[in-house]
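Residues: numbered from 1 along the sequence shown.
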Amino acid sequence: MLGGTFDPVHLGHLRSAVELREALALDCVHLIPAKAPPLRGEPSVSPAERLALLRLGIGDTPGLVADDRELWREGPSYSADTLASLREELGSEARLVMALGHDAFLRLADWHAPQRLFELAHLVVVDRPDHQAALPVALRDLVAGRESDDVDALMARPAGGLLRLRLPSRMAISATELRRRLARGLSVRYLLPEAVEAHIMDHNLYRRS
């Protein structure tokens, strides 16, 4: 599971998903756009548009799935509920992973039911070149004794572990900066998949009125 607002989906998201699948030998990566993320503001465009952009971005990439389960669920998009849904589908013995960036990881202790996340899945923290900070005390307590430095050791169990992973590309593309550029009419070429850029331009998304 790789969640987020995908507002909009960009090459950093997609390349990270591909490299996560390779690094962890995953069957597939579910990219799951959030409808109502509890710890950030309302996304800039509608859930349906963000899902359409995600599907265009993924295209026919093997092993990547645009998963819309959070968009049609009522209430806030809690990751614990999403993991519970995946766990129910995949069974108790499946090795389930939730990947998140280091910036999101630093706020993990503030999430809804953070202990439950580890009951349902492993957490894999993807290092970002522009995010390096010490762990808050509450987060250190939450992850104490869970960290592994080996993929095989992590995957020996269905859930409960923590792994920090540095991906080869480490693409520091910011969706916030992309929205700013789109609002000002500046180029986003080579930051988005061509199909995503074309859809944004054709439907006049992210432009200031």
Side-chain angles (χ1 to χ4, degrees), residues 1-10 12-14 16-17 20-21 26-59 61 63-126 138-139 142-143 158-160 162 174-176 178-179 182-183 196 199-200 203-207 209:
M1 167 185 170
L2 181 61
T5 51
F6 300 109
D7 187 28
V9 65
H10 54 67
H13 295 135
L14 297 168
S16 291
L20 275 166
R21 183 172 180 244
L26 301 172
D27 294 318
C28 65
V29 176
H30 290 247
L31 288 91
I32 306 180
K35 177 183 179 181
L39 295 180
R40 60 156 288 173
E42 188 74 17
S44 302
V45 301
S46 71
E49 285 286 13
R50 289 186 288 117
L51 179 64
L53 292 171
L54 180 58
R55 286 173 170 159
L56 286 169
I58 289 174
T61 307
L64 302 193
V65 177
D67 187 325
D68 65 356
R69 72 185 65 217
E70 287 192 0
L71 298 184
W72 317 123
R73 193 169 70 212
E74 293 300 319
S77 301
Y78 291 133
S79 294
D81 294 339
T82 304
L83 288 174
S85 172
L86 286 165
R87 177 59 71 192
E88 184 177 0
E89 289 178 15
L90 299 171
S92 61
E93 296 305 310
R95 293 164 297 175
L96 185 57
V97 169
M98 184 179 80
L100 68 166
H102 186 73
D103 51 342
F105 174 61
L106 290 176
R107 303 176 67 186
L108 189 68
D110 297 327
W111 287 27
H112 174 74
Q115 290 281 2
R116 189 171 176 229
L117 301 173
F118 288 103
E119 295 169 7
L120 293 164
H122 299 299
L123 269 63
V124 171
V125 181
V126 179
L139 180 57
L142 176 65
V143 304
L162 173 72
S174 163
T176 301
L178 281 171
R179 293 193 299 272
L182 288 163
V196 172
H199 186 91
I200 287 172
H203 293 79
N204 204 33
L205 303 178
Y206 300 105
R207 296 297 184 95
S209 58

Heavy-atom closest contact ([X] atom, [Y] atom, distance):
X      : Y      : answer
His112 : Ala80  : O-CB, 4.4 Å
Arg116 : Ala84  : NH2-CB, 3.4 Å
Pro33  : Leu51  : CG-CD1, 4.3 Å
Ala109 : Ala138 : CB-CB, 3.8 Å
Ala17  : Leu64  : CB-CD2, 3.7 Å

Separation of [Y] [atom2] from [X] [atom1] (nearest 0.5 Å):
X      : Y      : atom1 : atom2 : answer
Met1   : Leu120 : CE    : CG    : 10.5 Å
Thr82  : Glu70  : OG1   : CD    : 3.0 Å
Asp7   : Tyr206 : CG    : OH    : 3.5 Å
Leu26  : Cys28  : CG    : SG    : 8.0 Å
Leu90  : Leu83  : CG    : CG    : 10.5 Å
Leu108 : Leu100 : CG    : CG    : 6.5 Å

Less than 4.5 Å apart, any side-chain heavy atom of [X] and any of [Y]?
X      : Y      : value
Met98  : Val125 : no
Leu123 : Leu117 : yes
Leu182 : Arg179 : no
Leu205 : His199 : yes
Pro8   : Ile200 : yes
Leu96  : Arg87  : yes
Val9   : Arg50  : no
Asp81  : Arg69  : no

- Whether over 12 other heavy atoms sit under 6.0 Å from Asp27 CG: no

- Query: Is it the case that more than 12 heavy atoms not belonging to Glu89 sit under 6.0 Å from its CD atom?
  - Reply: yes

- Task: State, without any angle test, whether Arg73 and Ser85 hold a side-chain donor-acceptor pair at a distance under 3.5 Å.
- Result: no

- Could you list the residues that satisfy ring pair (Phe, Tyr, Trp, His ring centres under 6.0 Å) with His122, not counting sequence neighbours? none

- Which class fits the ring pair Phe105 and His102: parallel under 30°, tilted 30 to 60°, perpendicular over 60°? tilted

- Angle class for the Phe6/His13 ring planes (parallel below 30°, perpendicular above 60°, tilted otherwise)? perpendicular

- Message: Strictly distance-based, threshold 3.5 Å: is any side-chain N or O of Thr5 a donor or acceptor partner for the main-chain N or O of Pro43?
- Response: no

- What residue among Leu53, Leu14, Val29 forms side-chain contact (heavy atoms from CB on, under 4.5 Å) with Ile58? Leu14

- Message: Taking side-chain contact (heavy atoms from CB on, under 4.5 Å) as the criterion, tell me which of Leu86, Leu54, Leu71 meets it with Ile32.
- Response: Leu86

